[in-house]
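Below: the structure, in structure tokens.
For reference, positions follow the sequence shown, starting with 1.
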Amino acid sequence: MYWTGARVHRVPLPAGFTGGEVAAVNAKGLMVGSLHAAGRTAAFSFRAGARAVTLLPEGAHAADVSDQGLIVGDAVKGGSLVGLEWEGARILRRLAPPAGYSLTSVTALNNAGQIAGSGEAVKDDESWSAGLVWPARRSAAAIPLQRFWPAGVPYDFWYPRDIDRAGRIVGTHDYTRLDTRTPTQWLPPYTTESEPGLLGERTSGTFEAISPTTNVSVGTASDSHMVGPFPPETAPPEQAQIWPGTGPLLALPRLSPEGASQAYAVSDDQRVGGSAADARSTSRAVIWTCALRQAYRP
């Protein structure tokens, strides 16, 4: 579904499909996402008001769309994930991972044509995870984002989630040994990563999106079951968070005092899209407007 103002609209499902989700929409109203049926998924695009979706060739999932109409996503072939970029309803290029890596995700595309995702490398009995970026030049190879551990550290996983026009990438570092996730940013030329910290006394959190040009990032703050607080049930509910690019992370107001909230998208004019639980514990789709003016240090 999609919204115009507060009005909700259904995306029409093709015959044989029973559900789906819209993953992204561009400034011209072109949406992309995935359709679900028994035993299979399909990538689609859809323009608001159209009578039918467009199925993207070979695609299983579509993750993002640029304002130029380029779309990125993935397919599964021979049990392996394959990255794809579409223009309209044709495959523009196949997104090969760096040598020695297999692909684990394709997540984002900016208006400059750069693409972000993640991969995994295996050598002998060692494996490691790395974020990836594909330059806009279609002949250029994907680049692993530092920091990764080619010596083999099985506890670290890197999940780039979004990329802005300047090539700034945001995502999450998941340290599974301690069940901690940390909001992470990679800046060109991607030789290191930075972690701006956590929200207040929270022990875990994510970055899910970055604004197209203003370097404002959003995600969700939570807590680790291993780091604390203890007992775990004393931890507060998840909370949407925002980072203006410098300084500490800030909290976004909840819809109800004890309701969980999450942030998944942010625009240059500081609108943040996400979800929040109301006083009846019902999760609602929400938008925070003038988000930085509402944000506060917990």
Side-chain angles (χ1 to χ4, degrees), residues 1-97 102-111 113 115-120 132 134 138 142 159-163 171 208-209 262-265 273-275 277 282-287:
M1 61 185 64
Y2 63 97
W3 286 262
T4 54
R7 184 182 175 191
V8 65
H9 309 265
R10 292 182 182 273
V11 174
L13 294 175
F17 289 94
T18 57
E21 63 180 1
V22 175
V25 58
N26 72 6
K28 300 177 182 178
L30 180 64
M31 294 165 244
V32 300
S34 305
L35 301 169
H36 310 291
R40 69 185 181 112
T41 62
F44 76 91
S45 65
F46 177 74
R47 195 171 296 278
R51 298 182 63 182
V53 303
T54 297
L55 296 179
L56 301 176
E58 299 184 22
H61 306 92
D64 205 1
V65 56
S66 72
D67 291 342
Q68 292 79 21
L70 300 178
I71 302 166
V72 293
D74 63 55
V76 178
K77 286 195 172 184
S80 297
L81 199 68
V82 178
L84 296 171
E85 181 180 17
W86 296 272
E87 183 177 44
R90 71 183 182 95
I91 295 174
L92 192 63
R93 65 168 161 166
R94 300 178 187 274
L95 302 170
S102 59
L103 191 67
T104 55
S105 73
V106 176
T107 53
L109 165 71
N110 67 11
N111 283 338
I115 299 166
S118 60
E120 183 181 50
L132 305 176
W134 287 264
R138 296 190 182 104
Y159 299 108
R161 296 293 301 161
D162 201 7
I163 181 169
E208 304 292 340
Q262 301 85 26
Y264 299 113
S275 61
T282 300
S283 184
R284 307 289 300 272
V286 297
I287 296 175

Legend entry - ring-ring contact (aromatic ring centres under 6.0 Å, His included) contacts in which one or both residues fall within residues 63-82, not counting sequence neighbours: none
Minimum heavy-atom distance [X]-[Y], with the two atoms named:
| X | Y | answer |
| --- | --- | --- |
| A37 | G16 | CB-O, 3.2 Å |
| A265 | A209 | CA-CB, 3.7 Å |
| A263 | E208 | O-CG, 3.5 Å |
| P97 | L132 | CB-CD1, 4.4 Å |
| F44 | S34 | CE2-N, 3.2 Å |
| P12 | A50 | CG-O, 4.5 Å |

Legend entry - pair L95-V106: side-chain heavy atoms closer than 4.5 Å: yes
Inset, instruction - Would you check if V11 and L35 make a side-chain contact, meaning some heavy-atom pair closer than 4.5 Å? - result: no
Inset, instruction - Kindly assign one of parallel, tilted or perpendicular to the pair Y2 and H9, based on the angle between their ring planes and the thresholds 30° and 60°. - result: parallel
What distance separates [X] [atom1] from [Y] [atom2], expressed to the nearest 0.5 Å?
| X | Y | atom1 | atom2 | answer |
| --- | --- | --- | --- | --- |
| Q68 | N111 | CD | CG | 4.5 Å |
| I91 | W86 | CD1 | CH2 | 7.0 Å |
| E87 | I71 | CD | CD1 | 9.5 Å |

Inset, instruction - Return yes if some donor-acceptor pair links the side-chain N/O of T104 with the main-chain N/O of S118 below 3.5 Å, else return no. - result: yes
Legend entry - Sequence-distant partners of R93, salt bridge (Lys or Arg N to Asp or Glu O under 4.0 Å), two or more places apart: E85
Legend entry - Counterpart residues, salt bridge (Lys or Arg N to Asp or Glu O under 4.0 Å), relative to E21 (two or more places apart): none
Test of understanding: with side-chain contact (heavy atoms from CB on, under 4.5 Å), list the residues that count as partners of [X], not counting sequence neighbours.
| X | result |
| --- | --- |
| D74 | A60, H61, L81 |
| T107 | S105, A116, R161 |
| S102 | E120 |
| A142 | P98, W134 |

Inset, instruction - May I have all residue pairs that pass salt bridge (Lys or Arg N to Asp or Glu O under 4.0 Å) and include part of residues 8-18, sequence neighbours excluded? - result: none
My understanding is that only residues two or more places apart in sequence, or in another chain, count here; which of them pass side chain to side chain donor-acceptor pair (under 3.5 Å) with [X]?
| X | answer |
| --- | --- |
| D64 | none |
| R94 | E58 |
| N26 | none |

Inset, instruction - With sequence neighbours excluded, give me every side-chain hydrogen bond (donor to acceptor under 3.5 Å, both in side chains) pair touching residues 35-57. - result: none
